[in-house]
Structure formats: structure tokens, C-alpha cells
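Working notes, structure below.
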Amino acid sequence: MAAPVGPMKFWKPGTEGPGVSITEERQSAAESTGVSVIYNPYASLSIEQQRQKLPVFKLRNHILYLVENYQTLVIVGETGCGKTTQIPQYLAEAGWTAEGRVVGVTQPRRVAAVSVAGRVAEERGAVLGHEVGYCIRFDDCTDPQATRIKFLTDGMLVREMMADPLLTRYSVLMLDEAHERTLYTDIAIGLLKKIQKKRGDLRVIVASATLDAEKFRDFFNQNETNDPSKDTSMILTVEGRTFPVDIFYIQSPVPDYVKSTVETVMKIHQTESDGDILAFLTGQEEVEAIVSMLIEQARVLSRSGMKKHLRVLPMYAGLPSSEQMKVFERVSHSVRKVIVATNIAETSITINGIAFVIDCGFVKLRAYNPKTAVECLVVVPVSKASANQRVGRAGRNRSGKCYRLYTEEDFEKLPQSTVPEMQRSNLAPVILQLKALGIDNVLRFPFLSPPPAQSMVQALELLYALGGLDKHCRLTEPLGMRIAEFPLNPMFAKMLLESGNFGCSQEILSIAAMMQIQNIFMFPPNQKAQAIRKHRKFAVEEGDHLTMLNVYEAFIKHSKSSQWCQEHFLNYKGLVRATTVREQLKKLLVKFKVPKKSSEGDPDPVLRCIVSGFFANAAKCHSTGAYRTIRDDQELHIHPTSVLYAEKPPRWVVYNEVIQTSRYYMRDVTAIESTWLLELAPHFYQEGTVRTRHRHQMVSLLYSQLLYLKLFLFPSSIFLLFDGNRNKLGCNSFKGI
DNA sequence: CGTTTTTTG
């Protein structure tokens with residue numbers, strides 16, 4: 001096993017060393033997405049024979065026994081063990097779907113729910129949507145009478161609880177990929193724990209990676225005695241079926257992982273036999289830089305007579321989908337594919353045929369500063385769990401190698417797992433959702449990982465300001481309940497609900513829908529200037545909201561033509577999605593009897609309506625040329641993607657969100673009149689100085705949860721990025737009060 | 001004056 005030679009030196013940790021052995025690495029590699037069913041080495045066997053070959057089959061009766069006797073089962077299912085497709089079927093065969101009951105399986109991502117449902121339906125010889133179905137936003141493929149095994153996104157499960165708080169139709173719920181700790185998985189986990197107390201018959205199966213198994217078991221265990229025979233939860237491990245992956249570390253730290261990635265790719269290409277390469281980087285810019293460097297080097301190589309060619313492909317979420325599809329294309333034997341990707345390739349997509357993985361050791365994550373209520377994107381070291389997940393992207397169809405561009409010593413210093421999303425998110429939608437589910441005292445909600453107290457305060461303050469909560473922190477009727485019903489952030493929901501009063505619900509619907517889609521404007525690297533010129537046609541001086549409205553209306557006027565989109569460098573799929581989102585939102589407005597009206601081209605009511613939802617996000621331009629928020633005097637700038645960027649800056653603006661990268665940037669910005677703030681949010685802004693008196697009011701709310709939090713808790717000022725950061729989490733969390 | 005990790009309802 002020759003390591004690459006030259007400036008890049010790797011070594012494989014020996015079994016005697018401090019490092020983990022290869023087998024251990026594989027065991028701790030997190031589970032794959034449900035898309036893993038693509039690869040099937042037993043395709044020539046009958047479906048029944050294939051099912052029996054899966055590692056999980058040997059444990060079929062054991063699993064059924066445990067589900068029968070324990071309320072919660074934590075399954076540590078390694079990659080390729082077959083748990084996602086098989087366990088629901090075992091349960092159905094054992095009678096858990098008798099008398100109209102349903103076995104539900106949740107997935108964090110839509111595609112996974114659909115593809116696994118398809119595979120299971122096929123195995124059962126069923127038509128998808130009958131006995132086996134799936135339910136994701138915009139696509140309910142189930143039959144209320146016939147469906148027995150139902151795959152759904154965890155977000156959908158939380159939504160279902162609004163109609164049926166005890167999930168009475170379900171006999172078993174399996175939460176797949178729970179170790180990913182996505183926001184909705186965590187909410188579902190807390191809610192299921194509560195439901196189990198009222199429904200002793202409900203069974204929960206948590207599918208997780210090794211690392212978190214005990215945490216899940218202890219969380220669900222209702223046994224308060226020391227007698228383990230009374231435990232209500234249990235762990236079961238199912239071995240996987242993957243190929244060995246050798247891990248190599250770099251000998252000494254590299255100053256520039258971009259350069260090192262390029263060098264490592266070239267070394268692999270020149271010294272290793274067949275097999276595609278997957279490199280993990282942190283962002284679009286890095287990916288594109290490496291792609292062009294590699295193409296350059298590959299040219300030099302082929303000129304010098306190298307027979308084997310390199311096909312270099314970028315992969316990130318912002319890439320047009322036609323470009324994304326290229327990474328799945330098969331290439332001839334004389335070509336080696338190199339895919340340079342962001343963390344999209346870690347869980348969201350699975351590429352077959354990867355033999356070599358290069359891991360730069362960093363990841364770009366969204367984090368939330370609970371003190372300033374600003375989200376930021378930060379590049380941080382990956383967690384061990386992520387690094388192992390990256391390793392696992394090789395070894396799916398054959399043995400492989402993983403090159404880590406950091407030392408083994410540094411690997412050991414990495415945090416065990418990434419901080420759960422719950423602890424690095426804006427909690428306003430979460431709190432509202434919980435309140436709508438009847439959980440009034442959100443402080444006592446069983447969070448698997450409690451979020452920072454300050455995030456709670458921010459969320460409660462915002463919801464109060466929007467009128468969704470009253471001064472006792474209770475959900476208001478009907479406003480609060482209605483805001484919660486929208487699948488949107490509360491500010492958008494409030495804006496929509498107000499749109500009837502401004503006589504512009506048509507326009508606001510289009511704006512709200514468009515704002516949910518990222519990357520509407522596309523910039524193909526080679527035609528960037530041309531694209532910007534085309535985009536300028538839609539721009540208006542009022543700002544991004546009305547610009548997006550223009551785009552949407554033009555799209556409709558041109559009969560939703562994909563060709564028209566291409567000509568104008570617009571994201572066709574995104575625009576189609578905007579129309580779907582708009583339909584869904586429109587139904588809710590009809591339900592709440594918001595009159596259908598148009599301002600007939602008058603921008604004024606539309607802008608005022610935007611302010612009625614986003615008044616809290618107002619900023620003023622100062623003589624320095626920089627903006628500052630009204631709430632906190634925080635310095636802000638207009639994001640370079642805004643149409644107001646490089647224009648004469650308007651004195652007052654509102655924005656949808658702030659994102660901190662190199663500076664604090666406002667995204668989706670619209671010019672407003674300061675008088676509108678006083679007019680439309682008199683409870684939030686005072687006349688004269690336009691300073692907030694909101695906080696003042698909040699502190700006067702006796703007995704409110706908010707006051708409770710404010711008086712008793714230490715405010716946090718540090719971003720919580722890693723679960724391992726015990727001290728910081730300890731002082732910021734409200735657990736135990 | 002200088003840019004978007006990734007999901008989900």
C-alpha cells in the first residue's frame with residue numbers, strides 16, 4: 001500500500017499507535033442516507049433472497065422481541081445493514097399494522113423518504129402509495145385507508161401532530177438518521193417522549209450511529225429505579241456491509257488545504273489504480289478554485305502523454321442541477337472522475353464508485369448568535385463524526401482510501417460530533433410550533449440538547465412583537481395560531497396575514513414564495529457579465545422584494561417557460577418551486593379568509609405590508625455609509641447580491657435576514673420610510689428617537705417565561721458550535737431550572 | 001464598497 005510520495009506525506013496509523021484502528025473507524029462511520037439502496041450486489045437473486053442476505057435479517061426475531069418488550073429501541077445500524085428498508089417490513093409482518101395502524105419511518109430529507117418508500121414498495125410487490133407510501137411537503141403519496149408503512153420527513157411528522165397530537169394512527173415510529181440531529185428530528189424526539197408518557201402502546205425506534213446510542217436510550221428510558229430489568233429502552237447493534245477504507249493522515253499540518261487538495265488529487269491520479277476521487281471542501285469559491293487548478297494540471301499531464309484522463313467536476317448546492325447531474329454520469333475506464341464537493345456530498349447525495357476521499361478537515365456551518373440574533377456562516381473544524389462520515393463515502397462498492405489533510409493528533413482533538421442544529425438556530429419557528437402543539441411551558445420541554453437560554457429570549461421577544469404571543473407568553477388566538485400554521489418563518493407569516501389589510505395579497509403571496517427559494521439568479525462562471533446584464537432588467541430602486549416580484553410576474557407572463565429562464569439566467573426549477581409554494585400559501589390565506597386583492601401596480605401598499613411583518617428588521621444608513629440596526633445599533637451592510645448594492649443607499653431599509661460572513665450583511669433589502677415604522681409598529685418603535693421600548697415592556701411582564709429567563713440566566717455571548725464545549729453549554733442552557 | 005454550508009414545513 002504505497003503512500004503518495006513527494007511533498008505530501010501520509011502515514012497509515014499502525015494498530016500499536018494511539019490512533020483508532022481501521023475497523024473502528026468503519027464502525028463509527030455514520031449511517032448513509034436512504035439513497036444507499038442504489039447499490040445491490042445481489043441483484044441476480046430474488047427479492048426474498050436479497051432480503052435474507054441483509055445483515056439485519058439475522059436479527060429479525062430479536063428486533064421484534066425488543067420492540068414488543070421495550071417502548072423504545074435504539075438501533076445502531078451500520079451502513080448497508082438494511083435497517084431502513086427491512087425493519088418496517090418486519091413490523092408489518094409481525095402484526096404492528098393490523099387494525100388500520102401505521103408504521104411510520106422518518107427521514108431528514110425529502111429525496112430519501114421518496115426513494116426508500118419506492119424500494120420497499122418494490123420489495124413488497126406493491127404499488128407505491130397503497131400499502132407503502134410516503135408523505136413529504138407538496139407530495140402526499142399515501143392512501144388514508146390502505147397505507148400501512150409510511151415514509152415521511154421528520155418535518156412532516158411534526159406537522160401531523162398539529163392535527164393529531166398523540167399520533168393515534170401510528171403503532172410504531174422509526175426515526176432514521178437521528179444522529180444527524182437536524183432541527184426537526186430533535187423536535188420530533190422531544191415530542192415523542194411526551195407522547196409515550198400518554199400512550200404506553202406507542203413504540204419508538206431510533207436509528208442512530210454508535211456515538212449517540214446511549215444518549216438516546218437514556219433520554220427515552222422511563223425507568224426511575226436502579227433495577228435495569230425495568231428499563232423501557234434498549235440498544236441493539238446491527239453490523240454493516242461495507243468495504244474496508246484505509247485512513248491516511250498528513251505528517252505535519254498543511255498551510256493551505258486548497259493547494260494540498262490539488263496536490264493530493266494529482267498524486268493519487270499518478271500513483272493509484274482505478275477509482276474515482278471525492279474531495280471535501282468548505283464552499284463554492286474553494287470548489288471552483290480547485291476545479292480550475294485541477295483542469296489546468298490535467299491539461300499539462302495529458303500533453304506530457306499520460307493516458308489516463310481526469311474528469312474534474314464541481315458539486316455544491318448552488319450549482320445548476322444540469323451541472324450537478326454530471327457527477328452521477330458514468331465515465332469510460334480510461335477516465336478518472338474527480339468530484340470536488342462541499343458537505344452536500346457528506347449526507348445529501350451518494351456517488352457510486354468512489355475509491356478515494358480527500359478530507360480538508362473543515363466545514364462551513366450556519367450558526368446563530370443568540371445575543372445579536374444574527375445568523376452567521378463560519379468555517380470550523382469538522383467533528384469526528386463528520387470526518388468518519390466522509391471516510392464512509394469511499395468503501396461503499398469497493399475498498400478505498402481516505403486522505404485526511406490534517407495530522408492524526410489534530411483528529412484526536414476534534415469534537416465528537418457537530419453541535420445539534422437546535423443549539424445553533426433561530427428558535428422562533430420552533431417555539432411557535434411547540435406552543436401550537438399545546439406545549440405552553442417551552443422551558444420544560446424535554447430537549448435532547450437544550451438550546452441556549454438567550455436564543456429562547458430572542459425567539460419569545462420576536463413572537464411577542466409580532467403579536468403571536470400575549471404578555472403571558474401564551475399563543476394568541478387567532479393570530480398566533482395562524483402564524484404557526486404557515487410553513488414559513490413567523491415574520492413572513494405575519495406579513496401574509498396582514499396583506500388583506502393593505503389590499504395586496506396577490507403581490508405579497510408572490511414575494512413570500514420567491515423569498516423561500518435560494519439562488520433564483522444564476523451566474524454561470526463563464527457568462528457572468530452577461531447574466532448580470534440580464535438580471536438588471538428586473539431590478540427596481542425600491543429593492544429586492546419588488547425585484548423578485550418582477551421576476552415572478554415575468555415568469556408567469558412567459559408561461560413558465562424554461563427556455564425563457566435560461567435566456568435570462570434564472571433558476572427554472574426554483575421558479576417552478578416558487579409557484580408551488582405560492583399555491584400552498586394561497587390555500588392558507590383562503591382558509592383564513594384573507595381577501596384576494598391586488599394593488600394594481602402601486603408599490604406603496606406592498607412596501608407597507610412588508611414593513612408590517614419585518615418592522616423588527618429595520619436599519620438606518622449613517623453618514624459613514626454603513627447601516628445600523630434600530631434594535632441593537634449593530635453595524636450592517638447591504639449584501640453584494642442585493643439590487644441596492646452599489647446604488648445610492650436609501651436612508652431606511654428593512655431586510656429579511658442578516659448573515660455574517662466577512663461582515664454583517666443584510667439579505668433581501670427594501671427601502672422604506674421611517675414614518676411607516678411608527679405607523680405600523682407603534683408597539684415597537686417610539687416617536688422621536690425611534691428607539692425601541694419593546695424591551696422595556698418585556699421586562700415588565702410578570703410571571704412570564706421570558707422574565708423568568710431574563711432574571712435567572714446568564715446571557716450568552718459565545719457561539720455554540722461544538723457539543724463538546726460543556727462549560728459553555730452548561731452556563732447557557734436552562735436545563736434544570 | 002465585494003458574495004450563498006445544508007436541510008425542512
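Model, not experiment: these values are computed from the prediction.
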Inset, instruction - Can you run down the salt bridge (charged side-chain N to carboxylate O under 4.0 Å, His left out) pairs that involve residues 577-587 of chain A, sequence neighbours left out, and say none if there aren't any? - result: E583(A)-K586(A)
Inset, instruction - Can you tell me which residue pairs pass the ring-ring contact (aromatic ring centres under 6.0 Å, His included) test with a partner in residues 508-530 of chain A, sequence neighbours excluded? - result: F521(A)-H535(A), F523(A)-H535(A)
Inset, instruction - Could you list by number each residue of residues 135-142 of chain A showing a heavy-atom separation from DNA chain B of less than 4.0 Å, or answer none if no residue does? - result: I136(A), R137(A)
Inset, instruction - Using a strict 4.0 Å threshold on nitrogen-to-oxygen distance, state whether E177(A) and R109(A) make a salt bridge. - result: no
Inset, instruction - Quick one: which residue pairs count as a salt bridge (charged side-chain N to carboxylate O under 4.0 Å, His left out) with a foot in residues 377-388 of chain A, not counting sequence neighbours? - result: K384(A)-E412(A)
Inset, instruction - Could you tell me whether L488(A) contacts a base, only the sugar-phosphate backbone, or nothing, with contacts defined as non-hydrogen atoms closer than 4.0 Å? - result: base
Legend entry - Along DNA chain B, first and last positions that approach a heavy atom of chain A under 4.0 Å: dC1(B) to dG9(B)
Inset, instruction - Mind checking D154(A) for me? I need base, sugar-phosphate or nothing, with any heavy atom below 4.0 Å counting as a touch. - result: nothing
Inset, instruction - Say whether, by atom type as modelled, one donor and one acceptor occur between the side chain of Q107(A) and the main chain of L152(A) under 3.5 angstrom. - result: no
Legend entry - Set of salt bridge (charged side-chain N to carboxylate O under 4.0 Å, His left out) partners for E285(A), sequence neighbours left out: none
Inset, instruction - Would you indicate what T641(A) reaches in the nucleic acid, counting non-hydrogen atoms under 4.0 angstrom: base, sugar-phosphate, or nothing? - result: base
Legend entry - Nearest-nucleotide 5' precedence on DNA chain B, Y316(A) against Q516(A): Y316(A)
Legend entry - Test: E541(A) and K648(A) ion pair at under 4.0 Å: no
Inset, instruction - Please work out if L377(A) contacts a base, only the sugar-phosphate, or nothing of the nucleic acid, heavy-atom cut-off 4.0 Å. - result: base
Legend entry - SB check R390(A) E346(A) (cutoff 4.0 Å): yes
